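Heads up, the thing below is written out as C-alpha cells.
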Protein chains: 2
Amino acid sequence: MAPRVMTPALLEELSERFKALGEPARLQLLAALRQGEHSVSDLVAITGLGQANVSKHLQLLCSAGFINRRKEGTFAYYALADSEVLQWCDLMCGRIEAEQRERRAALKLSRA
Amino acid sequence: MAPRVMTPALLEELSERFKALGEPARLQLLAALRQGEHSVSDLVAITGLGQANVSKHLQLLCSAGFINRRKEGTFAYYALADSEVLQWCDLMCGRIEAEQRERRAALKLSRA
DNA sequence: TCTATATTCTACTATCCAGTTATATATGAC
DNA sequence: GTCATATATAACTGGATAGTAGAATATAGA
C-alpha cells in the first residue's frame, strides 16, 4: 500500500492477486508445486481435482504471476515463479495458529 | 505452507484470509486505516462506499483478524490489528510493478 | 419520555466463479 | 493417414457474495 497512490486500477490489480490465493484448490496446487515442477496430469493425480478444473486454476495462477508454464510435447509443466508466495502462506498460517492459541487461552481463562 | 501438513481445514482457513484481501473495497478500507483508527462514517466518507456495505466489509476484515473494533458511544472505531497486512500489500504492489516493467521491456524489444 | 444519530441486521437482486461435462486442439506413435 | 494421450476451451449449473434498501438496535442528548 505504501507511500503510493492507490488508484482504482491498482486496487483492482492487487485484489486480483489476493483473490487468486483465496481458493483452497489453488493453494493446494501451489502446495503441490512446492516440491518442484509438475505436469497437469500429475497435479490432477496429486490433488484429486478434475482435469479441466486444474487446468483453469493453473491458468489463473499463471496470469497472476505466481507460476510459470513450460510446454514439452503434449505435456504442460507448471512450476512456482518464485518462493515468495509460499512464504506468504507460511506467514498467514502463523497468524492463524497464533489466533487459535489466543482463542484457546481465552477459553481456559474463562473457565478458570 | 511450509513443512506442515495442509489439511483441508487449514486450506479453508488460509484461503478465507486471502479471500478477505481479494476485494478492492476492502483493500481501500485497509489503505484508509493506514493513517490510523477511523469510525464507520469516516470510512464511508473517505471511500465513497455505501454505509451498510462498509459495515459488512469491516466485519469481514475483523473476523479475518486484520482489524480490530472499539466501540465508543454510538460510534465504532476500527483500526489495523498490525502492520503485516500492509507490508503484504506493498510487496504485492512491488510484484505488479515489476511485471509491468517486464511487459514494457518486452514490448520495446519486440519493436526494436 | 421523545428525537436524532451511528451502526448493524435482514432481505433481496445481480453478478461472479468453482466445478462438471463434453468438445476441441495438439502432439506423438503406429 | 488413424488412434491415443495431454491439455485447453466452451457451455452450463449451483452456490457464494457484493451491493443496496429498509428495518432494527443502541446510545446520547433535549
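Sequence lines set the chain letters: A, B, ... in the order given, protein chains first and strands last, and positions in each chain run from 1. What you are looking at is a predicted structure, and each value in this text was computed from that prediction instead of being measured.
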If the cut-off is 4.0 Å, is [X] near the phosphate of [N], judged by side-chain N/O to OP1 or OP2?
X: B:Ser41; N: C:dT7; value: yes
X: B:Gln59; N: C:dT7; value: no
X: A:His57; N: C:dC17; value: no
X: A:Tyr78; N: D:dA6; value: no
X: B:Arg69; N: C:dT7; value: no

Does A:Glu72 pair with A:Arg70 as a salt bridge, N-O distance under 4.0 Å?
->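 Counted as a salt bridge, because a side-chain N and a carboxylate O are separated by less than 4.0 Å.
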Candidate nucleotides D:dT9, D:dA6, D:dG19, ranked by approach to the side chain of B:Ala25 - the nearest =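 Of all the options, the side chain of B:Ala25 is nearest to D:dG19.
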Taking only the side-chain heavy atoms of A:Phe75 (C-beta and beyond), determine which of D:dG19, D:dA6, C:dT8 contains the nearest atom.
->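 Ranking D:dG19, D:dA6, C:dT8 by closest atom to the A:Phe75 side chain puts D:dA6 first.
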Between [X] ([atom1]) and [N] ([atom2]), how many Å, whole number?
X: B:Glu23; N: C:dT15; atom1: CD; atom2: P; answer: 15 Å
X: A:Leu43; N: D:dA8; atom1: CG; atom2: C1'; answer: 15 Å
X: B:Arg26; N: D:dT17; atom1: CZ; atom2: P; answer: 9 Å
X: A:His38; N: D:dT7; atom1: NE2; atom2: P; answer: 13 Å
X: B:Leu58; N: C:dA6; atom1: CG; atom2: P; answer: 16 Å
X: B:Glu72; N: C:dA6; atom1: CD; atom2: C1'; answer: 13 Å
X: B:Ile67; N: C:dT7; atom1: CD1; atom2: P; answer: 13 Å
X: B:Gln28; N: D:dA18; atom1: CD; atom2: C1'; answer: 14 Å

With a non-hydrogen cut-off below 4.0 angstrom, is A:Tyr77 in contact with a base, only sugar-phosphate, or nothing?
->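 Since no nucleic acid heavy atom lies under 4.0 Å of A:Tyr77, the category is nothing.
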Donor-acceptor contact present, side-chain [X] to main-chain [Y], <3.5 Å:
X: B:Ser83; Y: B:Leu86; answer: no
X: A:Arg95; Y: B:Gly65; answer: yes
X: A:Ser39; Y: A:Asp42; answer: yes

Please report, to 0.1 Å, the donor-acceptor pairs under 3.5 Å made by any side chain of residues 11-23 of chain A, with sequence neighbours excluded.
residue, atom, partner, partner atom, Å
A:Glu13, OE1, A:Arg17, NH2, 2.7
A:Ser15, OG, A:Leu11, O, 3.2
A:Ser15, OG, A:Glu12, O, 2.9
A:Arg17, NH1, A:Ala64, O, 3.4
A:Arg17, NH1, B:Glu99, OE1, 2.8
A:Arg17, NH1, B:Glu99, OE2, 3.3
A:Arg17, NH2, B:Glu99, OE1, 3.4

For B:Leu49 and B:Ala25, work out which heavy atoms get closest and say how close.
->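 For B:Leu49 and B:Ala25, the tightest heavy-atom pair comes out as CD1-CB, 3.8 Å.
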Residue pairs, two or more places apart or on separate chains, that pass side-chain hydrogen bond (donor to acceptor under 3.5 Å, both in side chains) and touch residues 54-63 of chain A |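 Qualifying pairs, neighbours excluded: A:Arg26-A:His57, A:Asn53-A:His57.
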Heteroatom pairs (N/O) under 3.5 angstrom, protein to nucleotides 20-26 of chain C:
none

